[in-house]
Structures are given as structure tokens and as C-alpha cells.
Amino acid sequence: MKTYDLDAFRGIIIALYSSYDEHGEINTKAVREIARHYANVGVKGLYVGGSSGEGMLQSVEERKLVLAAVMAEVGDELTIIAHVGAPATRDSVELAKHAAEVGAHAVSAVPAIYYRLSPQSVESHWQAIIDSTSLPFIIYHIPQTTGFHLSKQLLTKMAAQDKVIGVKISAESTFELQQFKAAGGRDFLVLNGPDEQYLAGRSIGADGGIGGTYGVMPELFLKIERCYVQGDLAEAQRWQFIVNELIVELLSFPSLYGACKAILKLRGFDLGEPRMPLLPVVTEADHARIEQLNARILSYIEQANA
Ligand SMILES: CC(=O)N[C@H](C=O)[C@@H](O)[C@H](O)[C@H](O)CO
Ligand SMILES: CC(=O)C(=O)O
């Protein structure tokens, strides 16, 4: 049995978007405002500095600023997972130590990126992060962006450590998700990555999910989760299908995060544009599509909450 409270990580965990001011600098006020909003919506937690949070596009100092702002605003209310993945192990270790200092509830990391790394190398990278604090660790498995294919063997070895409490799986195979769940054992968390498969992942063993599109429609993922827990699979599926049509739309813009931020701006949360090379919404035609999409999402949120 793990000695950590795993229930704190079960549920809907929003991958927080980046927040910049008009000069492209970290905007901690906007970070706090959006984090506050999510706490009020009632999600389980926030995943800070991951793909959606653009951690890889920010300096170590900037990443610390963001996490500290999140902790100051909602650290007592939500489960906060700090993504500390970086190309260099020493940066990840520095970020992990900072996460512990400011009271984050867990750290998480992708394999170090850019170099083609051996499994031993990735293992040592993760181990250095794990050993640097007393926080629990969640592996971030996203082979389509890192190029690293986590084997069941390495997963099993990592999961044997008390501190390694789970894996966030963004790979699309729900079979792999089930295999990782089985390999990790009963008290090992598996968190669903692909938002399009939240219900599928949940049905085959995921304990919850961390997602990049949750941030514009957390209420709809909470709805799927409620239906699933209540055993109303037909209704859960109906909502998953609605969500998937919205995700298809979101993915049709020059960048997913540019689209999500444009939507939140219409709702009064100005998080700035994503950082290059991620593209913002620019054209008038795209802005018009964003307005329509936002209206559709809001009307579904109303229905889900009714
Ligand atoms: C590849 C990728 O970034 N996956 C994200 C995290 O797992 C998802 O949350 C996606 O953003 C989402 O499913 C939209 O495709
Ligand atoms: C989707 C996700 O988990 C991330 O943005 O890191």
C-alpha cells in the first residue's frame, strides 16, 4: 500500500493554461484568477506547467512564479500537481525542490526531451527528481511528443517505489492504459490523458483524468464523471460524444491552446496569447468561429448543470 493519500488525485484535474501579459511575460494575477475560477467550479485539482501550461516554453524562474501563484490562490483547496519535466535533469530537480517548498501535492515529469534516451537514462532522470523531495511522483507518459515509449517493464519497476503513485497516460491506446493499471497494482493511479477517451479510459481502469481541454469545459467532464459514477453509461456516453464534437472544433484552429485562451478571454479571463511557436487565433474568420464555439460550449454547460 502507498503511504500517500491517493484519493486526492482521483477525479477531474485541469491542465492549467499559461497566463501572459501584453508583453508576453508571466501574469501571476491572471494565473490566480483562472485558478480561483476552477476551484469554484469544483474540480479536483490542477496540473501546472505541463503541455497546456507551456512549461517547456518557460524558464525555470518563470515556472516557479506560476506555481507559487497557483499555490497562494488555491493550494489549500485543490490538489496541485507540479509538472517539472525539462530537457536537463538539473532543471527538473530544481523545479521539484521548489514545488516541495511551496507545498505542491505531487510532482510529475515527462522523460527528458530532445535527446533519444535509453530507458536507463529516463529512469535515472526520473529517479533524480523523485529522490530530490519527499513528494509523490506521477509519471507523464506522452510518447507522441517525447518520442519515448515507456515499457511495461520500466513502469512496473518505477511503480514498486512508494513515492511513485501513478502515471498520466496521454498515449491513445486504452489497452495500454489497462495494462499499466494492471502492472502498477491496485493502489497505483492511472490518469487518462486523451480527453476524447475520458469515458473509455475510466471504464477500463483510469482513476480520473488530466486534460488540456478541460479548462474550457470542466463542467462537461464533471458531468461525464457523475454519470459514470451513477452507473448511467448511456448518459455518460451522450456527453462524451458532445464533448468530442467540441474537441474536434478546438483542434481545427492553428493551435489548441490559442483557441482555448481565446474562448476564456470571451468569458473575462485574459490569459494572453500562447507563446511562440504555439499560435494565437488571428483572423477575423477564426475569431467568429471562436465566438460560435464558445456559445455552443456555454449552452452545453448550462444543460449539464441543469
Ligand atoms: C497530446 C496531448 O496534448 N494530450 C493532452 C493530454 O493528455 C490531451 O488533454 C489533449 O490536449 C486533448 O485530448 C485534445 O486532443
Ligand atoms: C493535457 C495535459 O495534461 C497537459 O497539458 O500536460
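Just so you know, ligand 1 is whichever comes first in the structure, and atom 1 is the first atom listed for that ligand.
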Mind checking whether Gln197 has a heavy atom under 4.0 Å from ligand 1? no
Going from CD on Glu176 to CD1 on Ile204, what distance comes out if it is rounded to the nearest 0.5 angstrom? 11.5 Å
For the pair Arg36 and Glu33, find out whether any cationic side-chain nitrogen is under 4.0 Å from an anionic carboxylate oxygen. no
Distance filter under 4.0 Å to Lys168 heavy atoms, resulting ligand 1 atoms: 6 (C), 7 (O)
Residue, atom name and distance, where the atom is the protein heavy atom closest to atom 7 (O) of ligand 1: Ser170 OG, 2.4 Å
List in chain and number order the residues that pass side-chain hydrogen bond (donor to acceptor under 3.5 Å, both in side chains) with Glu235, two or more places apart in sequence or in another chain; answer none if no residue qualifies. Arg238, Trp239
N/O pairs closer than 3.5 Å, ligand 2 and protein:
| residue | atom | partner | partner atom | Å |
| --- | --- | --- | --- | --- |
| ligand 2 | 3 (O) | Lys168 | NZ | 2.8 |
| ligand 2 | 5 (O) | Ser51 | N | 3.3 |
| ligand 2 | 5 (O) | Ser52 | N | 2.7 |
| ligand 2 | 5 (O) | Ser52 | OG | 2.6 |
| ligand 2 | 6 (O) | Ser51 | N | 2.8 |
| ligand 2 | 6 (O) | Ser51 | OG | 3.4 |
| ligand 2 | 6 (O) | Tyr140 | OH | 2.9 |

Under 4.0 Å from one or more heavy atoms of Leu256, ligand 1 contributes atoms 11 (O)
With heavy atoms only and a cut-off of under 4.0 Å, state how Leu250 meets ligand 1: side chain, backbone, both or neither. neither
Between Tyr140 and Ser51, do the side chains contain an N or O donor and an N or O acceptor separated by less than 3.5 Å? yes
How about Gln127 and Gln161: does a side-chain donor come under 3.5 Å of a side-chain acceptor? yes
Are Tyr4 and Leu155 connected, step by step, through hydrophobic side chains (Ile, Leu, Val, Met, Phe, Trp, Tyr) whose heavy atoms are closer than 4.5 Å? no
Heavy-atom pairs closer than 4.0 Å: do any link ligand 1 to the side chain of Ile142, the backbone, both, or neither? side chain
Check ligand 1 against Gln144 and write out every atom of the ligand that is under 4.0 Å from a heavy-atom position of the residue. 1 (C)
With atoms numbered from 1 as shown, which atoms in ligand 1 lie under 4.0 angstrom from a non-hydrogen atom of Thr213? 14 (C)
Quick check: does any side chain N or O of Asp195 sit under 3.5 Å from a backbone N or O of Gly212, one acting as donor and the other as acceptor? yes
Determine the minimum heavy-atom distance between Ser170 and Pro194, stating which atoms define it. O-CG, 3.6 Å
Contact atoms of ligand 1, heavy-atom distance to Pro194 under 4.0 Å: 13 (O)
Counting each atom of ligand 1 from 1 as listed, which ones have a heavy atom of Gly211 under 4.0 Å away? 9 (O)
Got a sec: does the CG of Asp76 have more than 12 other heavy atoms crowding it under 6.0 Å? no
dist Ile129:CD1 -> Trp126:CH2 (nearest 0.5 Å) comes out at 9.0 Å
Determine, considering heavy atoms only, which of Ala15, Gly215, Gly209, Gly193 sits nearest to atom 5 (C) of ligand 1. Gly193
Is there a polar contact, in the sense of an N or O pair closer than 3.5 Å, between Asp195 and ligand 1? yes
Is there a nitrogen or oxygen of Ile210 sitting under 3.5 Å from a nitrogen or oxygen of ligand 1? no
Counting both backbone and side chain atoms, is some N or O of Glu196 under 3.5 Å from an N or O of ligand 1? yes
Report the residue from Leu67, Val60, Val93 that forms a side chain to side chain contact (heavy atoms under 4.5 Å, CB included) with His98. Leu67
Roughly how far, to the nearest 0.5 Å, is the CD1 atom of Ile210 from the CG atom of Leu46? 10.5 Å
For a quick check under 3.5 Å, do Ser19 and Lys29 share a side-chain donor-acceptor pair by atom type? no
